[in-house]
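Beneath this line is the structure, given in structure tokens, with notes to follow.
Every number for a ligand or one of its atoms is a count from 1 in the order of the listing.
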Amino acid sequence: MASNTILFVTSEVYPLIKTGGLADVAGSLPAALKAQRQDVRIIMPAYRGAMRKAEKLGFASFRMEGVPETVRLLEGRLPGTSVRLLLVDSPAHFDRPGGPYMDPDGHDWADNAERFALFARAVTAVALNKAELDWQPDIVHCNDWQSGLVPALLAPYPKRLSSVFTVHNLAYHGFFEAAKFQSLKLPSYLWGVDGLEFHGGLSFIKGGLVFADMISTVSPTYAEEIRTPHFGHGLDGLLNHRAERLTGILNGVDYKQWNPAKDPHLKHHYDIHHLAGKARNKQQLQTQFGLPQRTSPPLLGLVGRLVEQKGIDLVLSIIPQLVRHDVQLVILGSGDKRFQAELQQAAKLHPGHIAVHIGFSETLAHRIEGGADMFLMPSRFEPCGLNQIYSLRYGTVPIVRRTGGLADTVVDAHDETIAQKRATGFVFDHAAHDDLWRATQRAISVFRGQPKIWQQLIATGMRQDFSWKQSAKHYLELYQTALEKRGG
Ligand code: ADP
Ligand code: GLC
């Protein structure tokens, strides 16, 4: 495969800044592309938190048309890799406390449109070699709405390069009032329903969906689902119109970060042949979460954003049954205030069975994977999902809904798949209390009554290989197609 020069555009990257799976992907896919001999650089806003963690930053300054301030471009390497990193430094937009999209109180930054429009303009300048780097990519790979304006701004330059837009989550549009279109001084050719207009407002994600040479999403099943009204968030018509340019590539995971045999966050290491460490991690997890140290109750884990997407209401609905069946549950997450409060209330009511930690903790996330027996992921939709894949490697049997990447990575345990030694978890169909509870009950009954089959599920899961190599090759094919179809 020919070598490409790739500018990988992202609004978060592990280990510099992370709110969810996009950071994990941006932290590992570029290195996998580099291993395929591609010249790849990551570009991201210079958030305050990220600047502190980035290593050895040199800088260049450049001026952009229509932007009064000079924007600095900081250059370094992504820690732990040899991948080059560019940070777009505009202190008025990015040097502040809080998260990449929200203030410390959890409200969206009021100037998100301005922040990510500035970011997109800087990316466009770099992509067109107007940023004094003396480097010209032939592929600009954008991710989610925060970089959605980039393919739109690059549209007038089809001969220079190709753009690829990856949808990690179609639910987040980057939607702003129409007046922003004027105040951001976006070129007039971008307005209209064939451009960035969406129901009378301004949609950043449409920039990617309308103008990118190729569109991808992070699992084959989600690529199909988003073409239907149920999963399309009003964009299914557009996606059907561009169906020939849409494909699904399953995310890989970084087994250097997620390996129970070496994980620095775990007190006790283990592998497929030596599982004793996992039992000890279970005890440690129980202690850390203030649950009774008992071996007999199955211990369920959940790590994630506490939002509607993740089916948190369904989890809340089965808590009385979990308690009645003497099952323990540990939850780590943050998100909607309502879910946070209801989960904390449940923990108060059932201190022997339910424990909740509200917040973001890389260490606890790893310890839950390392110590729990099962992992709950009853998502209403899930573009890919990474935690179920981490769970497989950690021998933590996933209980998931059959949607998106969950459907593509977990094999339901029933007579046939067990006999074929293919089963890796428990899968259910409908986002409803009864369905989730039935799947959980099936898991509990195998855990308690069929230890040999349980061991087989663990072993089959731990043997699955979702490393990036294969998916990175699919991205190379996608880049090739984008180059062939550019500007069309
Ligand atoms: P999404 O991107 O929709 O949030 P994914 O499953 O793709 O879902 O990725 C979520 C990533 O964020 C995983 O690496 C998960 O461990 C991590 N994560 C989510 N919430 C937390 C949290 N509260 N603390 C630590 N890590 C978290
Ligand atoms: C999104 C999705 C998640 C996916 C992640 C990384 O946040 O919600 O399913 O795994 O992006 O692609």
**OP:** Check each of Gly304, Ser379, Ala23, Ala171 against atom 20 (N) of ligand 1 and report the one with the nearest heavy atom.
**Re:** Gly304
Subject >> Any N or O of Gly21 closer than 3.5 Å to N or O of ligand 1 >> reply: yes
Original post:
Short N/O distance, under 3.5 Å, between Leu386 and ligand 1?
Top reply: yes
Original post:
Any N or O of Glu362 that comes nearer than 3.5 Å to an N or O of ligand 1?
Top reply: no
Original post:
In terms of atom number and element, which parts of ligand 2 are under 4.0 angstrom from non-hydrogen atoms of Leu22?
Top reply: 6 (C)
Original post:
Once the angle between the rings of Tyr394 and His366 is folded into 0 to 90°, is it parallel (under 30°), tilted (30 to 60°) or perpendicular (over 60°)?
Top reply: perpendicular
Subject >> Per-atom contacts, ligand 2 versus Glu382 - under 4.0 Å to a heavy atom >> reply: 2 (C), 3 (C), 8 (O), 9 (O)
Original post:
At a 4.0 Å threshold, what atoms of ligand 2 neighbour a non-hydrogen atom of Asn169?
Top reply: 8 (O)
**OP:** Verify the neighbour count for atom NE2 of His241: are there more than 12 heavy atoms of other residues, nucleotides or ligands below 6.0 Å?
**Re:** no
Original post:
Under 4.0 Å from any heavy atom of Val218, which atoms of ligand 2 are there?
Top reply: 12 (O)
**OP:** Pull out every atom of ligand 2 sitting under 4.0 Å from any heavy atom of Gln309, numbered as shown with elements.
**Re:** 8 (O)
**OP:** Could you tell me whether Asp111 and Arg96 make a salt bridge, using a distance below 4.0 angstrom between a side-chain N and a carboxylate O?
**Re:** yes
Subject >> Minimum non-hydrogen distance to atom 3 (O) of ligand 1, winning option of Gln388, Arg305, His357 >> reply: Arg305
**OP:** May I ask you to identify, for Asp24, whether its side chain, its backbone, both or neither come under 4.0 Å of ligand 2 on a heavy-atom basis?
**Re:** neither
Original post:
So, is Cys384 polar-close to ligand 2, with some N/O to N/O distance under 3.5 Å?
Top reply: yes
Original post:
Hey, looking at atom 8 (O) of ligand 1, which of Glu382, Lys310, His366 has the closest heavy atom?
Top reply: Lys310
**OP:** Would you check the N or O atoms of Asn387, main chain and side chain alike, for any that come under 3.5 Å of an N or O of ligand 1?
**Re:** yes
Original post:
Is Arg121 close to Val150 at the side-chain level, that is, under 4.5 Å between some pair of heavy atoms?
Top reply: no
Subject >> Residue pair Asp408 / Thr221, side-chain donor-acceptor N/O under 3.5 Å >> reply: yes
Original post:
Counting from 1, what ligand 2 atoms have a heavy atom of Pro383 closer than 4.0 Å?
Top reply: 2 (C), 8 (O), 9 (O)
Original post:
Any N/O of Ser361 closer than 3.5 Å to an N/O of ligand 1?
Top reply: yes
Subject >> Geometric class of the Phe119/Phe116 ring pair [parallel <30°, tilted 30-60°, perpendicular >60°] >> reply: perpendicular
Original post:
So, is Ser334 polar-close to ligand 1, with some N/O to N/O distance under 3.5 Å?
Top reply: no
**OP:** Could you list the atoms of ligand 1 found under 4.0 angstrom from a heavy atom of Tyr390?
**Re:** 14 (O)
Original post:
Which of these, Gly21, Gly404, Gly385, has its nearest heavy atom closest to atom 10 (O) of ligand 2?
Top reply: Gly385
**OP:** Would you mind checking which non-hydrogen protein atom is closest to atom 1 (C) of ligand 2, with the distance to 0.1 Å?
**Re:** His168 O, 3.0 Å
